[in-house]
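Index from 1, following the sequence.
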Amino acid sequence: MYNKILSMNNSFFGRFKKNNNQVIEEQPPVWEDRIFWVETLQKIAFPVLNNLKKESLKKNMSLESFSSESNKFAHLEAFSNVFNGIAPWLELGPDESEEGKTREKYIALTLKAIANAVNPNSKDYILFTEPKQSLMSMALFAQGLLRSKTQIWNNLPMDVQARVIYELKNTRIIAPYENHWLLFTSMIEAALLEFTGECDKERLTYSIRKFRDEWYLGDAVYADGPEFDVNYYNSIFIHPMINDILKVMRKYGINEGELLDVQLMRSSRYASQLERMISPEGTYPLLGKSMAYRTGVFHLLAQATLFKILPRNMETSQVRSALTKVLRIQFEGHQNFDNDGWLTIGLNGRQAEIAENDINTGSLYGCCAIFLPLGLSFNDSFWVGPFEEWTTLKAWNGNQVEPDQSIDF
């Protein structure tokens, strides 16, 4: 049945009607949501992975940025962002369904892409360490490897694994900024610990101690230290990286790993706030930097869904319904792509003025972080539950909504 479902088209997406001033969406069968997610993943990821596989990424990828310096890292950023976001989906592995066969193709694409990315003799050798901007992308790449250990890391040839380890260790020459960038060094060391059994323990644990002992303010963490700034950095980078780093620390009995339980509760709390930021129309507040990451601002909500740590009073299917609406708004059409299928700088169209100076085309692929729930099987409650109104849709339709509730630690 599922094989047949995946071959069907989604021509009746986006049907709406007004009724008594309520926003009511005529819902297609729930399985069409997952089809749409997988189709959107391919629409975004395929140009990056396929060109890197063919050693034509540097040749063919469109480049937009405000800085020629930033362009040097654009190809690495594009690949690491794509890989990081789709890694849990790849980790499901191949099966006999149409989606499973598609995953098998993307696993093969990714394995070849990594082999080219780390090969100094390849035209698309991009996994290099050149301070400092590459540190962020190398950390995202390491996080993706942790998220797909069975299907990707374990299936890389030994010489490619050795080269990956070499490049990850080379990042130790980079001194990170004294802010959330510290997590980038920790993420890389966490991957090295997982894959080699060894790491630089100080680089692994320093960022966790800084966040635990100095930079947490109540239930919040701020990207540039203890200051009252409103942005999505907690979702884009901070909480997802802390969660994955602490899981490795817990696994290997490192003392700082004891923070994991409290950190997951904080993540659950923040996930509930992110869900409340999604409007009935599938839009969200434009706050702080990195709006050109588009759907990547929901990285933590996607990870909380994958980890199954959403608040108990929140239906998983309401999160799926909300995130699907966000995806449709931004990626059902082609307004965010150029004529060759590459993402363009903006939020919902070409809007270069919304981006910071360090944003380049590769940065835009941070949007792939929203795809983490595809790491849940198609029969998970997240995917099979009926359409549910998310919090703002309930509220503005006049339905009952619980108050926003904090967690007592």
Side-chain angles (χ1 to χ4, degrees), residues 2-3 5-7 34-57 61 75-119 122 124-127 137-165 167-168 191 194-195 244 299 302-303 305-306 341 362 365-380 382-383:
Y2 189 59
N3 293 348
I5 286 169
L6 281 166
S7 65
R34 187 171 177 108
I35 294 174
F36 175 68
W37 280 54
V38 173
E39 289 178 344
T40 305
L41 177 155
Q42 294 180 76
K43 183 178 180 180
I44 297 169
F46 183 76
V48 175
L49 296 178
N50 190 51
N51 275 282
L52 188 50
K53 173 196 171 185
K54 295 179 176 179
E55 298 184 81
S56 56
L57 184 62
M61 181 173 147
H75 308 96
L76 173 57
E77 279 196 54
F79 170 65
S80 62
N81 277 315
V82 166
F83 175 49
N84 191 41
I86 72 171
W89 179 65
L90 300 177
E91 187 68 353
L92 283 181
D95 58 45
E96 293 305 311
S97 70
E98 290 300 317
E99 183 188 317
K101 294 173 183 177
T102 299
R103 266 198 313 274
E104 185 173 20
K105 294 177 183 177
Y106 272 78
I107 290 169
L109 266 179
T110 303
L111 290 170
K112 181 59 177 174
I114 293 173
N116 287 337
V118 300
N119 181 3
S122 168
D124 273 343
Y125 172 51
I126 59 172
L127 217 68
S137 296
M138 293 293 283
L140 291 170
F141 173 63
Q143 189 175 28
L145 289 173
L146 286 170
R147 289 172 169 175
S148 56
K149 180 179 178 180
T150 301
Q151 296 299 328
I152 300 302
W153 176 257
N154 289 347
N155 285 317
L156 288 172
M158 290 185 65
D159 62 323
V160 176
Q161 287 185 349
R163 187 69 198 187
V164 169
I165 295 299
E167 297 289 3
L168 292 178
E194 176 67 17
F195 300 137
D244 284 339
H299 190 172
Q303 188 192 56
T305 300
L306 180 66
Y365 289 86
C367 66
C368 290
I370 198 174
F371 294 123
L372 298 189
L374 283 171
L376 300 170
S377 67
F378 75 89
N379 57 7
D380 186 89
F382 179 83
W383 294 110

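Checking side-chain atoms of R103 against main-chain N and O of L90 turns up no donor-acceptor pair under 3.5 Å. Of the possible polar contacts, one joining the E91 side chain to the T150 backbone as a donor-acceptor pair under 3.5 Å is found. In this structure a side-chain-to-backbone donor-acceptor pair under 3.5 Å is present from W383 to P373. N116 contributes no side-chain N or O that, together with a main-chain N or O of S122, makes up a donor-acceptor pair within less than 3.5 Å. With N81 contributing its side chain and E77 its backbone, the two residues share a donor-acceptor pair below 3.5 Å.
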Query raised in the report: Yes or no on side-chain hydrogen bond (donor to acceptor under 3.5 Å, both in side chains) for Q151 and Y106, after CA distance, side-chain angles and deciding distance?
Result: CA-CA 11 Å; Q151 296 299 328; Y106 272 78; over 6 Å; no
Query raised in the report: Taking it one step at a time, do D244 and Q303 satisfy side-chain contact (heavy atoms from CB on, under 4.5 Å)?
Result: CA-CA 10 Å; D244 284 339; Q303 188 192 56; 3.5 Å; yes
Requested in this report: For side-chain hydrogen bond (donor to acceptor under 3.5 Å, both in side chains), just list the numbers for N84 and R147, CA-CA rounded to whole Å, side-chain angles, deciding distance to a tenth of an Å, and then say yes or no.
Outcome: CA-CA 8 Å; N84 191 41; R147 289 172 169 175; 3.1 Å; yes
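Note that the CD1 atom of I114 and the CD atom of Q161 stand 10.0 Å from one another [nearest 0.5 Å]. A distance of 10.0 Å separates CH2 of W153 from CG of L146, quoted to the nearest 0.5 Å. Here the NE2-SG distance, from H299 to C367, works out to 12.0 Å after rounding to the nearest 0.5 Å. One finds the OG atom of S377 at 9.5 Å from the CD atom of E99 (value rounded to the nearest 0.5 Å).
For the pair E39 and K43, the salt-bridge criterion is not met [side-chain N within less than 4.0 Å of a carboxylate O].
Under the 4.5 Å side-chain criterion, counting only non-hydrogen atoms from C-beta, L76 is not in contact with F141. Using a 4.5 Å heavy-atom cutoff, the side chains of T102 and Q42 are in contact. Annotation: side chain of F382 is not in contact with side chain of L306 (no heavy-atom distance under 4.5 Å). Looking only at side-chain heavy atoms (C-beta outward), S80 and Q143 stay at 4.5 Å or farther from each other. E167 places a side-chain heavy atom less than 4.5 Å from the side chain of Y125. In this structure the side chain of F83 never reaches within 4.5 angstrom of the side chain of L140, judged on heavy atoms. Considering only heavy atoms from C-beta on, V164 stays 4.5 Å or farther from F195 through its side chain. When side chains are defined from C-beta on, M138 counts as touching L168, because their heavy atoms get closer than 4.5 Å.
Here the shortest heavy-atom pairing between A117 and L52 reads CB-CD2, 4.3 Å. Residues A302 and A369 share a closest heavy-atom pair of CB-O, 3.5 Å. Summarising the geometry of L156 relative to V160, their closest heavy-atom pair is CD2-CG1, 4.0 Å, with the distance given to 0.1 Å. The two residues I44 and Y365 make their nearest non-hydrogen contact at O-CE2, 3.4 Å. Scanning all heavy atoms of the two residues, the minimum distance from I370 to W37 falls at O-CZ3, 3.3 Å. Of all the heavy atoms in V82 and A45, the pair that sits closest is CG1-CB, 3.6 Å.
Environment of NZ in K54: sparse, with no more than 12 heavy atoms of neighbouring residues, nucleotides or ligands closer than 6.0 Å.
Side-chain contact check for D95 and S97: at least one donor-acceptor pair (N or O, by modelled atom type) lies under 3.5 Å.
Residue I86 is tested with L49, L372, L374, V38 for a side chain to side chain contact (heavy atoms under 4.5 Å, CB included); the sole match is L49.
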